[in-house]
Engineer: 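Take a look at the following structure, please.
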Amino acid sequence: MWNLIRKDLILGRWTLIVNGSMALLAPFILLIPDEPPPVILYVLYVGLMCTMLPVSLIAKEDKFSATAFTCSLPVTRDDIVTSRYLGGWFIAGGWMAAVLALGLLAPAVRDLWSNGAGGALLGGLTMLGLTIAIVIPFTIRFGMNGLLFGLVGLQVLGMVLFIGALATGGLDGIERAVKSVIDAVGSYHERVGPAGFAVTVIFGVALLNWVSWKASRRIFRTRDL
Amino acid sequence: MYIYDIYSMSTMTGDLDTPETPRMRVILSNSSSEPIYEQIARQIRAQIIGGELEEGSLLSSIRSLARDLQVSVITTKRAYEELEREGLIDTVGGKGTFVAAQNPQFLREKRMSLVEEKLADAVSEARLVGLSLDDLSEMLRLLAEEE
Amino acid sequence: MDDLLVVERIRKAWDVVALEDVSLRLPPGHIMGIAGPNGSGKTTLIRLILGHIRPDGGAIRVFGDDPGLSGRAIRSRIGFVLDRPISYEHLSVTRLGRLVADFYADWDEVEFQRLLDEFELPGRRRASALSRGMRVKLGLALALAHNAELLVLDEPTTGLDPVFRRELLARLSAIIADGRTSVLFSTQILTDLDRVADFAVFLRGGRVVFSGPKDDLLDRWAIVRGGPELAAAAGADAVRGIRRSRMGFDVLFDDMDAAKPYCDGPAVLERPTLDDVFLLLGSKESQ
Amino acid sequence: MEDNVLEIRGVHKSYPGFTMRDVDLVVPTGHVTGLIGPNGAGKTTLVKLVMNLITREAGEIDVFGLDNLLHEAEVKARIGFVYDEPNFPHDVNARDLGRAIGPFYRGWSGERYRRLLGEFGIPVRKRFKALSKGMQMKLALAIALAHDADLLLMDEPTAGLDLEFRRDLLEHLAAILEDERKSVLFSTHVTSDLERFADFITLIRDGEIVFSLPTSDLRDAWGVVKGAADVLARLDAPDVRGVRTGPHGVEALVANASLARTKCGPGVVIDRPSLDDVLVLMTRGDSYVESH
């Protein structure tokens, strides 16, 4: 298993270095506007950049159809899927922590953390977890192009729904639904307090990843390389 | 070297099946030590002397024979040149290659040498099997009387 | 009729010498096969003949002209099937034909369609979706449709299965049957030359180690495989190559009779295959 | 030690336009087995099934006596695999590949890998995409040979490579084969390579194993009878494996040349078949589908 991650690190190091350095730029980019942004935005931005690392590795393997080569190594198909999840968390999570830590060296960045640090970190972790849970099964089943088409498709769908809602005056219906979800989350946050809420979210993300991992393994077992 | 063109080339161009080209039969072996052009010359010579290819009949051209046998054009050209030197065939510019007029004396001579060759084979086979001369001549007499 | 292609003492070098003192002649209505390891200059020679690059020394005449000067005129009478993918691959086979047609004055659309049927090439399928063998046949059809007089193919049989290879070689043999068109093809598989090739040219390190009728090799040359005593044969003039073998030496002679005296005792006299000739030619391992 | 390195039993696999049904194949240990057949016959499918690169509808495959699904990792650890289109990532070089792949194999030797790279003339730093097709194949071979595999499983390993390299490679394989625990199974279109080096030949066509025979049988026992059309009548049918007709007569591939000789008499030409002859004479018509 760890050999697979190590292989991705060695063979993909240039891609990782290029994408990784973009994440490093995050603190400087965010500090350009005179009025510093909320810390959640900073963490989400760094998180987004870091999730690009495992995704770019998967894209590279898909582009060169190198998965067949990976599968010819002395590993089982399940190993390959598991290594993508563990690798994803390890690379994205690890680099994110590093970038955030490095950011602390700059006093301006340190001030950002004065309020809302916990929420920001939770947000970052959630985004990381969601991305990995969605990207991996999707690319295993449809390949990288499939993923891109999927994302574009979702946006188009969103617009169509939005326009449909506008036309049929159902816009406020949607608005109400969204508001009610936010209120429910808000009241739940009130009830259990930040710590409880964080545990629930982390548990939810973990569960989602577990389900996604199971699904990916089943999909990959049936794929012809 | 094979005797066939497996993709029915001949039907494509159709020149082979023109009525006046008699069925010339050349079968090449790739594991015999005899060079290919000699195998071709030997078989055409035998068919001319044996009478299967009569005087004046048109032979396949050098190139269509090469394509049929899937051999190089140089090989069939060399075979035809040898037969031409022996006076068995002659090439009329533009019209093609024909079996030459054989003077009977030359033909008889050729046939005699053919018989001699076959008898020599029979003798060597007989010696292999341990047949004596009497047995051999006895067998020859029986065969000769058989009609 | 004089020779279709004349190459005289050609030299071509970039940072390394690609071709040195290469000469060959191809009369109309014949097939010439060029064999040689990767990087022996085969592709360079083909590009010189097509006028894509110019020689540093020596001369090339195709249909009597220099491809470097009147390249376009010559190329219109040449059909070439190169190893790299066909340009405009996304087009369907028939549309590709129409595209190529504009380049050639004497394009014959009827002939092209007939060739597509004969080669079993589906007209509507995209060129990029064709199998490797089908792409070579498409290249042939395109070349023949503008009745090219010289067909140049760069490793057409590489990667094809033996059945397909034999069919392709049978087609080349049919192409030259008109006595006018000639074919020049390079190959890595020497058994391709066994059958229909008239001339064989062996290149090694940019030099010609053999050039002449292929029959000479198969009918006149011989190999003696024997023990260490064969080392003595190294000096003989009929010897064209000697190579160490497990039991002793394999010696290549360019004349069967010259080889006979060497095969008394355990040594064996054999008729060479083109593989044997190619491997032994020019090697001097008698020390 | 298993006497069969590879056993395929009742395998069923279908693609659109291609079906492999109930295929059985046994590959003996300690020998070189050549796999031949026209494009699209299923050679690549067989190789990919052994490596579990593709799924199967039915059947078992045992390699080194182990089921290749239950013991997927252990089986693959002892196989040196070469695929006809090496699919390493394009921007990696030979050195990186060695470092990335070495730890997967117990028998991997960095020193042997470097020696092979030198022997095959592969530039260590050059990116994979910049290598010629031949060089890419040699890199795949170097990797397959570097971890002392017990089975070399190769699909068209010599495609596009020149005679000298092919001969050196085959000598290299012969040296490996001196250890009778090692085996080689490789498919190729260049049958002349197999004639000298393969101990067994398996012919596959339209998804079916036509035969698996010792090469010496094909060379010594089989024959190609060449003669006029009537010569066919003299041969007894079960012995005839394939017939082709041409403008000058017929050609029949027979499995027992000496029997054919007694039937046809001295006048008829009976040649020793090359593997190309066997393939051509046993292939019905020219059905060339995309290679599988």
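Excluded from the calculations below are hydrogen atoms, water molecules and symmetry mates; all remaining heavy atoms, backbone and side chain alike, are included. Letters A, B, ... mirror the listed sequences (proteins, then strands); counts begin at 1.
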Engineer: At a heavy-atom separation under 4.5 Å, does D:Lys129 approach chain A through its side chain, its backbone, both, or neither?
Structural biologist: neither

Engineer: Minimum heavy-atom separation for A:Arg77 to D:Glu72, with atom names?
Structural biologist: N-OE1, 3.5 Å

Engineer: Could you tell me which non-hydrogen atom of A:Thr15 sits nearest to which non-hydrogen atom of D:Asp91, and how far apart they are?
Structural biologist: OG1-OD2, 4.5 Å

Engineer: Could you check D:Lys48, D:Met51, D:Lys76 and say which one makes a side chain to side chain contact (heavy atoms under 4.5 Å, CB included) with A:Cys71?
Structural biologist: D:Lys76

Engineer: Are more than 12 heavy atoms, taken from residues, nucleotides or ligands other than D:Arg115, located less than 6.0 Å from that residue's CZ atom?
Structural biologist: yes

Engineer: Could you report the tightest heavy-atom contact between D:Arg99 and A:Arg6, atom names first, then the distance?
Structural biologist: O-NH1, 3.2 Å

Engineer: I'd like to know which of A:Leu4, A:Leu9, A:Val75 tops the heavy-atom pair count under 4.5 Å against chain D.
Structural biologist: A:Val75

Engineer: First locate atom CZ of D:Phe81, then atom CG of A:Leu73, and finally report the distance between them rounded to the nearest 0.5 Å.
Structural biologist: 10.5 Å

Engineer: Chain A heavy atoms under 4.5 Å from D:Phe104: which part of the residue, side chain, backbone, both or neither?
Structural biologist: both

Engineer: How long is the span from the CG atom in D:Asp96 to the CH2 atom in A:Trp14, to the nearest 0.5 Å?
Structural biologist: 9.5 Å

Engineer: Please name the pair of heavy atoms, one in A:Leu225 and one in D:Ile54, separated by the smallest distance, quoted to 0.1 Å.
Structural biologist: O-CG2, 3.7 Å

Engineer: Measuring from atom CD1 of D:Ile101 to atom CD1 of A:Ile10, what distance do you get when rounded to the nearest 0.5 angstrom?
Structural biologist: 9.5 Å

Engineer: If I measure from the heavy atoms of chain A, does D:Ile79 come under 4.5 Å with its side chain, its backbone, both, or neither?
Structural biologist: neither

Engineer: So how far is it from A:Thr76 OG1 to D:Leu70 CG, rounded to the nearest 0.5 Å?
Structural biologist: 12.0 Å

Engineer: Starting at CG of A:Leu11, measure out to CG of D:Leu97 and round the result to the nearest 0.5 Å.
Structural biologist: 5.5 Å

Engineer: Would you find more than 12 non-hydrogen atoms of other residues, nucleotides or ligands less than 6.0 Å from D:Arg21 atom CZ?
Structural biologist: no

Engineer: Report which part of A:Arg13 has an atom under 4.5 Å of a heavy atom belonging to chain D: side chain, backbone, both, or neither.
Structural biologist: side chain

Engineer: Who wins among A:Ser72, A:Ala68, A:Ala66 for the most heavy-atom pairs under 4.5 Å with chain D?
Structural biologist: A:Ser72

Engineer: Which answer fits D:Asn52, side chain, backbone, both or neither, if we ask what part of it has an atom under 4.5 Å from a heavy atom of chain A?
Structural biologist: both

